[in-house]
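We count ligands from 1, going down the list as the structure has it; atoms in each ligand are counted the same way. Only heavy atoms go into these numbers, but all of them, side chains included; no hydrogens, no water, no symmetry mates.
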Amino acid sequence: MKLWRDFSGLRVLREGLTGHRGWQPMWRDPAPKAAYDVIVIGGGGHGLSTAYYLAREHGITNVAVLERGWLGGGNVGRNTTIVRANYALPGNSEFYSHSLKLWETLESELNYNVMHSQRGLINLFHSDGQRDAFVRRGNAMINQGDDAVLLDRDGVRAHLPYLDFDNHRFPVYGGLLHPRGGTARHDAVAWGYARAADRHGVDLIQNCEVTGIDVAGGRVTGVQTTRGAIEAGKVAIVVAGRSGQVAAMAGMRLPIESHVLQAFVTEGLKPIVHHVVSFGMGHFYISQSDKGGLVFGGDLDFYASYASRGNLPMAEHVMDAAMSLMPAIGRAKVLRSWGGIMDMTPDGSPIIDRTGIEGLYVDCGWCYGGFKAVPGSGFSLAHLVATDRHHAPAARFRLDRFRTGAGLMDEEGTGVQHNLH
Ligand SMILES: Cc1cc2nc3c(=O)[nH]c(=O)nc-3n(C[C@H](O)[C@H](O)[C@H](O)COP(=O)(O)OP(=O)(O)OC[C@H]3O[C@@H](n4cnc5c(N)ncnc54)[C@H](O)[C@@H]3O)c2cc1C
């Protein structure tokens, strides 16, 4: 049994005493082969988990993940790491519930410390109407088999004493606690899946941009890349914010707009924020990393863009919301900010489906929320690619709902506008 030796305490001790010269790269660096059974375009969280579950669950190992940059350089390494299963609508509810269950056994399954921390997530409410909405959401979560606890004002104060409870615009009335919600170390998730997929024989090919998708007689036959043409029986497009561009290579127009989402981190502080806190009225959310940085973010920048960085007006808006909720944060220094490209659908819910081209699949539309979906999405897409049948928890994530209007899942109730979800 090789796995236990890789990161055992004894191994770490031995390497520490011998100059760390014994560590090996965690995955191979293979040249692309001429042909694969399955090509996954995109080496983010979803692409890597898809490749892993194809191998692990379905025994399909002649698989390549093609990544234009480096593994984990996209949104999977840029997000604010919140993992939760607190959706209300049928479709989303069962999918995220399944994904959270996969998170709960992920570290032992991958033998990799992804620092999954179920520290609890609290969604604050600020009016009687909002309380009613959160009671409904909490009941939906419990009906799905997940956990939810309604907190009154004093209940929130016991957990989050540092909030401004009497803010004139948005006094805190209470909150919905989701105890199994929390965070995970984002890039460790990419690395853990990458290592596990590689060990099943999957080729992880970095610096390999897909520039074209080959179709003949209504069937996908392979891809063109910056490292040459590669044939494939099946191809899955799993490129998050670039979904529209890559689908266009096969002549498809997806119902996706790409928008920038920013995030921020402060200098390291002593532990103060022990949960994930979400302030819906100001659209601000915060947690504290294990290194001590306060990690927070808010709204999209509100214009369509492929730039992985945002602009100052939204930075100001987020700081403003932070100060309204938690005035003490004004003493912390922001160290860094960054952005990622979000694949926004008109109803705010994702797509895992076949396309009109045989053998070509899409997995996209994760909006703000695709990090927590990494295990569930990979599991469900792998099932679809391997069997050509939808995996039950993701069965409603159909592409044609945007054509027919049937089965839309507008979790936020904001209507058909990509940037409002
Ligand atoms: C600031 C921010 C905060 C967020 N916070 C959260 C959160 O707290 N919780 C949560 O659940 N979600 C969150 N998200 C959303 C989440 O990160 C994404 O929905 C999810 O990571 C997207 O899936 P992915 O990991 O596969 O994407 P990515 O990591 O972006 O992977 C897609 C990959 O495809 C590659 N690619 C693109 N085009 C090509 C091509 N032509 N050829 C080859 N490769 C290509 C890209 O280089 C990229 O590596 C946040 C996102 C951001 C930006």
Can you name the atoms of ligand 1, numbered from 1 with element, that are less than 4.0 Å from a heavy atom of [X]?
{"X": "C208", "value": "43 (C)"}
{"X": "L66", "value": "43 (C), 44 (N)"}
{"X": "V76", "value": "21 (O), 25 (O), 28 (P), 29 (O)"}
{"X": "R242", "value": "37 (C), 38 (N)"}
{"X": "I41", "value": "42 (N), 43 (C)"}
{"X": "V246", "value": "41 (N)"}

Do R227 and T225 have a side chain donor and acceptor closer than 3.5 Å? no

Which residue and heavy atom of the protein sit nearest [atom], plus the separation:
{"atom": "atom 41 (N) of ligand 1", "value": "V210 O, 3.1 Å"}
{"atom": "atom 26 (O) of ligand 1", "value": "H46 N, 3.1 Å"}
{"atom": "atom 44 (N) of ligand 1", "value": "R68 N, 3.1 Å"}
{"atom": "atom 49 (O) of ligand 1", "value": "E67 OE1, 2.7 Å"}

Given the ring of F165, does R157 sit roughly above its face, with NZ or CZ under 6.0 Å from the centre of the six-membered ring and within 45° of the axis? yes

Taking only residues two or more places apart in sequence, or in another chain, which ones meet Y87 in a side chain to side chain donor-acceptor pair (under 3.5 Å)? K372

For a quick test of reading the model, state the closest non-hydrogen atom pair linking F284 to I329 and the distance between them. CZ-CD1, 4.5 Å

Salt-bridge contact R28-D203 (side-chain N to carboxylate O under 4.0 Å): yes

